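Residue numbering restarts at 1 for every chain, and letters A, B, ... go by the order of the sequence lines. These figures come from a predicted structure and were not determined experimentally. The basis for the numbers below is simple: all heavy atoms, side chains too, and nothing from hydrogens, waters or symmetry mates.
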Amino acid sequence: DAGVTQSPTHLIKTRGQHVTLRCSPISGHKSVSWYQQVLGQGPQFIFQYYEKEERGRGNFPDRFSARQFPNYSSELNVNALLLGDSALYLCASSLDSRDYGYTFGSGTRLTVV
Amino acid sequence: GENVEQHPSTLSVQEGDSAVIKCTYSDSASNYFPWYKQELGKGPQLIIDIRSNVGEKKDQRIAVTLNKTAKHFSLHITETQPEDSAVYFCAASIQSGGSYIPTFGRGTSLIVHP
């Protein structure tokens, strides 16, 4: 079975642009969570979705938004990119929002120049 | 919200030695403590976890201990091997509104020298 897949793997954007990152969960998993990992730090929670509904939101500005589709895949959108948004963006899936069994994807490396 | 502190940030050991990574958490309501290993170019992978009703858990060469009173927990790796070299993250979580959302420490870069 395929694990959590994220696309693209790498991305370079210019300040002020918009970016969309995509995540496909493990088959059967209905919850997706997004994390931002700045170099040298631990993952920081951005959003959690379950059954297309937002179940949690971290301390990130409104420039960050996400959604989950009927097939449980998810998109993370970031508007008006700043240099500080450069990071590894991780997606994790689980059976449901209360499941401890997080499985992470390999992430999307976003560089803002 | 929850705050997790992790030490040391870097740990260098010789193959065969033991390695210990320590974490503290702030919210006494946290009841689940996973440890993740992140290799270069990959996402974090769960290696062991412990719940608040257990003081110690062991899985082959790795073990985790939890002291709820002091609000700290530790990862112990014995007989380290070069393939143990990676960044290790501790995390603590509370179920909030029915959701599991772990808070991560800053990570420990473990280097095992052959």
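Heavy-atom contacts from other residues, nucleotides or ligands closer than 6.0 Å to CG of A:Asp62 number 12 or fewer. For A:Lys13, the NZ atom is densely surrounded, since the number of other residues' heavy atoms within 6.0 Å is greater than 12. Counting non-hydrogen atoms of other residues, nucleotides and ligands closer than 6.0 Å to CD of B:Gln60 gives a total of 12 or fewer. No more than 12 heavy atoms of other residues, nucleotides or ligands sit less than 6.0 Å from atom CZ of A:Arg15. Around CD of B:Gln14, the count of heavy atoms belonging to other residues, nucleotides or ligands within 6.0 Å exceeds 12. Summarising the local packing, CD1 of A:Ile12 is surrounded by 12 or fewer heavy atoms from other residues, nucleotides or ligands at distances under 6.0 Å. For B:Glu15, the CD atom is densely surrounded, since the number of other residues' heavy atoms within 6.0 Å is greater than 12.
Note: B:Arg51 leads B:Gln6, B:Lys42, B:Gln45, B:Arg51 in heavy-atom pairs under 4.5 Å with chain A.
Only the side chain of A:Gln37 comes within contact range of chain B, judged by heavy atoms closer than 4.5 Å. With a 4.5 Å cut-off on non-hydrogen atoms, B:Pro34 does not touch chain A at all. Proximity to chain B is limited to the side chain of A:Tyr35, based on heavy atoms less than 4.5 angstrom apart.
Under the 6.0 Å cut-off for aromatic ring centres, A:Tyr102 and B:Tyr36 do not qualify, their centroids lying 6.0 Å or more apart.
Of all residues spanning residues 68-88 of chain A, those with a heavy atom less than 4.5 Å away from chain B's heavy atoms are A:Leu88, arranged by number.
Of all heavy-atom pairs spanning A:Leu90 and B:Pro44, the tightest one is CD1-CD, 3.7 Å.
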In a table with atom names and distances, give each donor-acceptor pair under 3.5 Å that connects a side chain of residues 38-48 of chain A to protein atoms at least two apart or in another chain.
from, atom 1, to, atom 2, distance (Å)
A:Gln48, OE1, B:Ser99, OG, 3.0
A:Gln48, NE2, A:Ser33, OG, 3.3
A:Gln48, NE2, B:Tyr100, O, 3.1

